[in-house]
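The structure appears below as structure tokens.
For the numbers below, each heavy atom of this structure counts, side chains included, while hydrogens, waters and symmetry mates do not. All figures in this text were calculated on a predicted structure; none of them were measured in a lab. Note on naming: letters A, B, ... go to the chains in the order of the sequence lines (proteins, then strands), and numbering restarts at 1 for each one.
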Amino acid sequence: MSVLVDADTRVIVQGITGGEGTFHAKGMIEYGTNVVAGAVPGNGGQEVAGVPVYDTVHEAVRREDADASVVFVPPALAADALFEALDTSLDLVVAVTEGIPTQDMAKVTRRLSETETHLVGPNCPGVITPDEAKLGILPGDIFSSGPVGLVSRSGTLTYQVVDNLSNRGVGQTTAIGIGGDPIIGTSFIDALELFEADEETEAVAMCGEIGGEDEEQAAKYIASEMDTPVAAFIAGRTAPPGKRMGHAGAIVSGSGTGTAKSKIDALNNAGVPVGDTPEEIADHIEDVL
Amino acid sequence: MSVLVDADTRVIVQGITGGEGTFHAKGMIEYGTNVVAGAVPGNGGQEVAGVPVYDTVHEAVRREDADASVVFVPPALAADALFEALDTSLDLVVAVTEGIPTQDMAKVTRRLSETETHLVGPNCPGVITPDEAKLGILPGDIFSSGPVGLVSRSGTLTYQVVDNLSNRGVGQTTAIGIGGDPIIGTSFIDALELFEADEETEAVAMCGEIGGEDEEQAAKYIASEMDTPVAAFIAGRTAPPGKRMGHAGAIVSGSGTGTAKSKIDALNNAGVPVGDTPEEIADHIEDVL
Amino acid sequence: MKLHEYQAKAVFSDAGIPTPDSRLATTVDEAVAAGNDIGYPVVVKAQVHVGGRGKAGGIEVTTDEAELHEAADSILGMDLKGYHVDRVLVEAAVDFVDELYLGVTMDRNEGDPVAMVSSEGGVDIETVAEETPAAIAREGVDPAFGIHPYQARKAVYDAGIGGDVARDVSSVLATLYDLWVDSDASEAEINPLMLTEEGDVAAADAVMNIDDDALFRQPDLAEMEEASYTDDLERKAGEYGFDYVRLSGNVGIIGNGAGLVMATLDLVDHYGGAPANFLDIGGGAKAERVANALDMVFADENVDSVLFNIFGGITRGDEVARGINEALSQFDELPIPVVVRLAGTNADEGMELLTTELVHVERTLENAVQRAVDNAEGKA
Amino acid sequence: MKLHEYQAKAVFSDAGIPTPDSRLATTVDEAVAAGNDIGYPVVVKAQVHVGGRGKAGGIEVTTDEAELHEAADSILGMDLKGYHVDRVLVEAAVDFVDELYLGVTMDRNEGDPVAMVSSEGGVDIETVAEETPAAIAREGVDPAFGIHPYQARKAVYDAGIGGDVARDVSSVLATLYDLWVDSDASEAEINPLMLTEEGDVAAADAVMNIDDDALFRQPDLAEMEEASYTDDLERKAGEYGFDYVRLSGNVGIIGNGAGLVMATLDLVDHYGGAPANFLDIGGGAKAERVANALDMVFADENVDSVLFNIFGGITRGDEVARGINEALSQFDELPIPVVVRLAGTNADEGMELLTTELVHVERTLENAVQRAVDNAEGKA
């Protein structure tokens, strides 16, 4: 078992005719992902990376019976592409695109909340179930199959942690890069819920970073709802307060949250060991397995 | 028992300081309705018809523990008043206002669909549970308490049918004037569902008219879901096609629906007797009681 | 409120939808000047609120000045389904390879807007809708978000319109939707949207109807309103602010509330009579309004009998009675018999007030209708 | 992207929000002319992207020409928290009876916009938020519908602002929200919104920050962008398009991906070193970008040791290695030691390409960081 994706997931690629879209569609197919179509308006009838391209997501989904989509559409057009994907009732939409305007994403997630679709991202590396399927841009060869679920806000930091795990022979059920944007589809809690419900996931590695309160909220969820053990890493312990957001943002986010300390404290209070280094999170995971 | 309103319903009046609002607030109170407050921006602190006025619906609801609202706000401001009412999670909102722009109502009902609130109207005479409470502008003295639920798209036609029933000694559980606008909150089916679930309602009188497909859809619902007997009246048998809507409207509504014949046929097929005159619907109701 | 074709085209053009070059003309000379200015061939189109103008002779294609002169001369001043033609639109005739239909309206059953596209444009689209509904692609729009670009594209592709033109057509559809919203339209249509050999698009006809209830916030569009009636009675109803439809019978009917008035018409028919009109004086009608309504019905020379049916809710019976008395005070004897039936709020007070030497009072709807039908038959 | 106060006020004023009369001045003479034109008293305000300008001496109230001359002379040219002041706004000093706070931003936790009102304006609103959060009324907005008028009113009444002014303040709040949406702002604030004795309102300060990711569709606002850096290194980072923050240590750090770079900083600290900077070269970094990054770190005279940490996903190790070789090709010997750690896509190919005479290669993150810290300590 795994979460979100497996070898049977039928995947379409929105924006497959673009440079990134083509490159990573090929990469996904090489990894073994069941990519069944692309969708790009005005490009229907073409074939890219060996799969047919349709003008609309609806047609691609209908004709190829797809259940997931990976979005490489440029930021100016990405929100529209996400609305289009949400309108087809896919199980999973992975938005790789970086730089989508925040207000666009607020509208997308407003709509998302009325659907049953899982949206991962945007600005995320994607989702991978090792040896079965990857949806996104993750470097497949560092992943290995095993009992650990992984969820992370950061791309390359995820790779670092996965590398540490795989090098010790600790494989992953599924790894979910949720993305670091202010507004994202799948939160830590959403991902933790999926892993908690997954029988094969015996432990969860969670990589957070400073900013927002998602980790603090996840800590509460872990304490009250989870049996599966969790170990964490939080990046940004030594980051200076740095260039602050304006007042309004600071008022809303409230004081005393969003720092590495508040996140680490919240997780420790929830019984979650937090590694000081990327190696230590792997230590903690090995401890609980 | 009754549906939507009873003697315990705590009612606020939006637009209570206006001429119509004051007049009908008094009328409702005289009927025995538990009117607890008014809400009019900029008029907080006043007292009208013996009840306190608040600046916001939220404050009125919070302070007076209200669970229903009647809206007499002028059409240009009515949609905002309805959104405000929906935002307070009231059980019932009755919109008496006539002439609300259709696109405003499309937005209101879009939001309504995400709430648990019953919206009756707009452009409707209101809801009355005889001898307990009336919310709206219905002439209370023609109603009498009894076993018949009544739902109608028309105001004065409702009064005619009620008069016929009351004169025969056939009283009503609750009468709901759903209003005749193209977009309304409570449809025939919504009202029929309420009556079907109400133990005291032994029969339902339903007054429709030409236009739309609400009666046709209600007929399907009655055939498949209702045990309570229903009798109907449809106004507009002799109305000429008259001034047609433009093409687009005609395309959407489709051919063969919306006429008195299509409605009467649909109801008859659902086993619903349809009176030729307002007296005949009373005959049919007496037959099934 | 309906916009004329030339008004709708101006609105569409301002929003960036391509329309053919055109001029409005009120005289044959103006029409000829317009044609010479635009260059032939040109189409001459009557500007009246009537469907099927083409079949009725209100639209003609002309290829030179002489033809244009003749066409303008015949169309200007003509009577088109009861409407007088006092203006024509002279417009460049577009050379097209295909004709599409685009429309936006409110889907009353869904309670949501809907955008529509068909490749079967240029013909009676209602017939297409009935005979081959699949030929019209429909895309429901969430009024909270408005139309998403993908929805306009999807409707166009679903209608079987592909290739390079798909982008332009979706763009026109999205613009049409935005116009529909911004203008508080009930309907906005382009039929046909012409496709030229060069791959351009042009709106060769334009329909735009505005929600009357929203005119208060559409001052620019409200200014375009032009009252057009086929007869004096409709004009009078417009001035008085009544919902009025003239019918072919001889029983004049006045009532309050559309449902009750329709039911009264139905009852007249049921008892063997024929209604002369539908006239709803609305809720809370005061004495003056009642008098105006009687004035209207008396002015209809087809009417042989009047039935006045009021069920009081907001409307009070005593007010109505005063209005009736006031309207009838000028008469010693009525030109035609009037039956009054009052019920509901203050009905008894009203009936006491009525001058029963002039009107006949009935307490039940059925009796009132029967009496009015009898009266009409006695006179007929 | 941050707008200056004078820019934000122009945007607010265009949208109908009342602002005090003001002029921008770049010289003392211009400032004096502005003051004489507006009439005294006037406020002189430094136009720099710095919070707490008042406390730092960047804002002064003047009551006559002499005072204005002195104030403008002292503020123009001053260094405010590292930023050079080359412009001041000269503005009519409003006589107020009350100061409010209005703000609109994205509530990241809810994923929805939020409109805020407080009667405790004119002071550090963050302190108010911490000490008396109830003093700030918050109204979450559904981004699909935008702010409803009732929501603006509710926030104002909830903030305890009643009476006649409530209508004007709600209207300003609704306008501020609409501006926030139309401008793709991340934040829009008025602090204070002054209430005058006459019951008028005026935005005495204005904050407007625009979402950088949305600048592509905000060409008018994008044109207002003025690069402002406290030093040459930040300017360089801006030109190269790097996410860069200068810190106080001596270990220069280059990496890809914010999380990994932050984790690298943390590890440097963990092993007893001190990072000199945060530098994220982003995903898919090509050779030239890598060379630019090295150029930047070498240009920082505080740097005694460089750590290059790349985990390849989109970024390919061989590309990175070529960039490093290219950047180092000008040196026979490096000015400061460089440790490189490559992992992920094409890491092995990359490591083979590296000129190991110049750089030290490590395979694990921990070893690389320890080596870089050792290098820094050896030099310190």
Side-chain angles (χ1 to χ4, degrees), chain B residues 20 24 75-76 98-107 109-111 125 137-139 141-142 152-160 163 180 182-183 207 209-214 217 233 235-240 242-255 260 276-279, chain C residues 2 51 103-109 111-114 116 124-126 128-130 133 136 138 142-144 181 184 186-189 191 207 209 211 213-214 216-217 245 247 255-260 262-263 265-270 275 278 283 310-315 343-345 365-366:
Chain B
E20 281 219 27
H24 291 292
E98 181 181 351
I100 303 178
T102 305
Q103 294 197 18
D104 285 4
M105 281 311 303
K107 287 186 181 167
T109 54
R110 165 66 168 88
R111 179 77 193 97
I137 61 174
L138 307 126
D141 53 1
I142 60 170
S152 172
R153 269 170 71 182
S154 160
T156 46
L157 179 57
T158 312
Y159 310 159
Q160 177 66 48
D163 208 34
I183 298 185
C207 299
E209 59 186 48
I210 51 171
E213 296 176 26
D214 216 19
Q217 289 167 358
F233 180 80
R237 293 162 185 248
T238 56
K243 294 174 182 178
R244 291 290 302 278
M245 294 167 67
H247 297 301
I251 295 170
V252 167
S253 64
S255 62
D276 278 344
T277 70
E279 282 292 347
Chain C
K2 293 179 178 178
V104 179
T105 189
M106 189 66 77
D107 184 341
R108 183 175 169 158
N109 295 320
D112 283 331
V114 60
M116 296 177 288
D124 179 4
I125 196 69
E126 285 182 63
V128 175
E130 271 183 41
I136 300 176
R138 297 159 195 223
D142 183 338
V181 171
D184 272 307
S186 51
E187 285 163 319
E189 287 184 306
N191 186 22
V207 170
N209 300 336
D211 180 358
D213 287 335
F216 70 88
R217 63 185 177 200
V245 180
L247 304 170
N256 66 329
L260 184 61
M262 278 196 286
L265 264 63
D266 293 350
L267 265 188
V268 166
D269 178 73
H270 184 72
F278 170 103
I310 300 291
F311 207 115
I314 315 180
T315 312
T345 309
L365 176 55
E366 284 74 10

Is the shortest side-chain heavy-atom distance between P278(B) and L260(C) below 4.5 Å?
no

Report which part of D211(C) has an atom under 4.5 Å of a heavy atom belonging to chain B: side chain, backbone, both, or neither.
side chain

Let me confirm one number: the CG-OG1 distance from D141(B) to T345(C), rounded to the nearest 0.5 Å.
6.0 Å

Going through the checks in order, is the side-chain contact (heavy atoms from CB on, under 4.5 Å) test met by R217(C) and D104(B)?
CA-CA 12 Å; R217(C) 63 185 177 200; D104(B) 285 4; 2.7 Å; yes

For each of P139(B), S154(B), A235(B), tally heavy-atom pairs with chain C at distances under 4.5 Å, and name the one with the top tally.
A235(B)

When every non-hydrogen atom of D213(C) is compared with those of I100(B), the smallest separation belongs to OD2-O, 3.9 Å

So which heavy atom on T156(B) is nearest to which on F311(C), and how close?
CG2-O, 3.4 Å

V128(C), part contacting chain B, at a heavy-atom distance under 4.5 Å
neither

In terms of heavy-atom pairs under 4.5 Å, which option from V181(C), D112(C), V268(C) contacts chain B the most?
V181(C)

Answer with side chain, backbone, both or neither: which region of R110(B) has an atom nearer than 4.5 Å to a non-hydrogen atom of chain C?
side chain

Pair count under 4.5 Å, heavy atoms only, with chain C: among P75(B), A76(B), G99(B), highest is G99(B)

Under 4.5 Å from a heavy atom of chain C, the part of E98(B) involved:
neither

Atom group of F216(C) that falls short of 4.5 Å from chain B, counting heavy atoms:
side chain

Out of K107(B), R111(B), Q160(B), which one racks up the most heavy-atom pairs below 4.5 Å with chain C?
Q160(B)

Of the backbone (N, CA, C, O) and the side chain (C-beta and beyond), which part of I183(B) lies under 4.5 Å from a heavy atom of chain C, both, or neither?
side chain

Taking all heavy atoms of A106(B) and all of G111(C), pick out the closest pair and write down the distance.
CB-O, 3.7 Å

Between CD1 of I210(B) and CE of M262(C), what distance do you get to the nearest 0.5 Å?
4.5 Å

Part of T109(B) within contact of chain C (heavy atom distance under 4.5 Å)
side chain

Value for CG (D214(B)) from CG (N109(C)), rounded to nearest 0.5 Å, stands at 8.0 Å

State, to 0.1 Å, how close R108(C) and G180(B) come at their nearest heavy-atom pair, and which atoms those are.
NH2-O, 4.3 Å

Return the CG to CZ distance between D266(C) and F233(B), rounded to the nearest 0.5 Å.
5.5 Å

Using a 4.5 angstrom heavy-atom cutoff, name the option from Q103(B), Q217(B), H24(B) with the most pairs to chain C.
Q103(B)

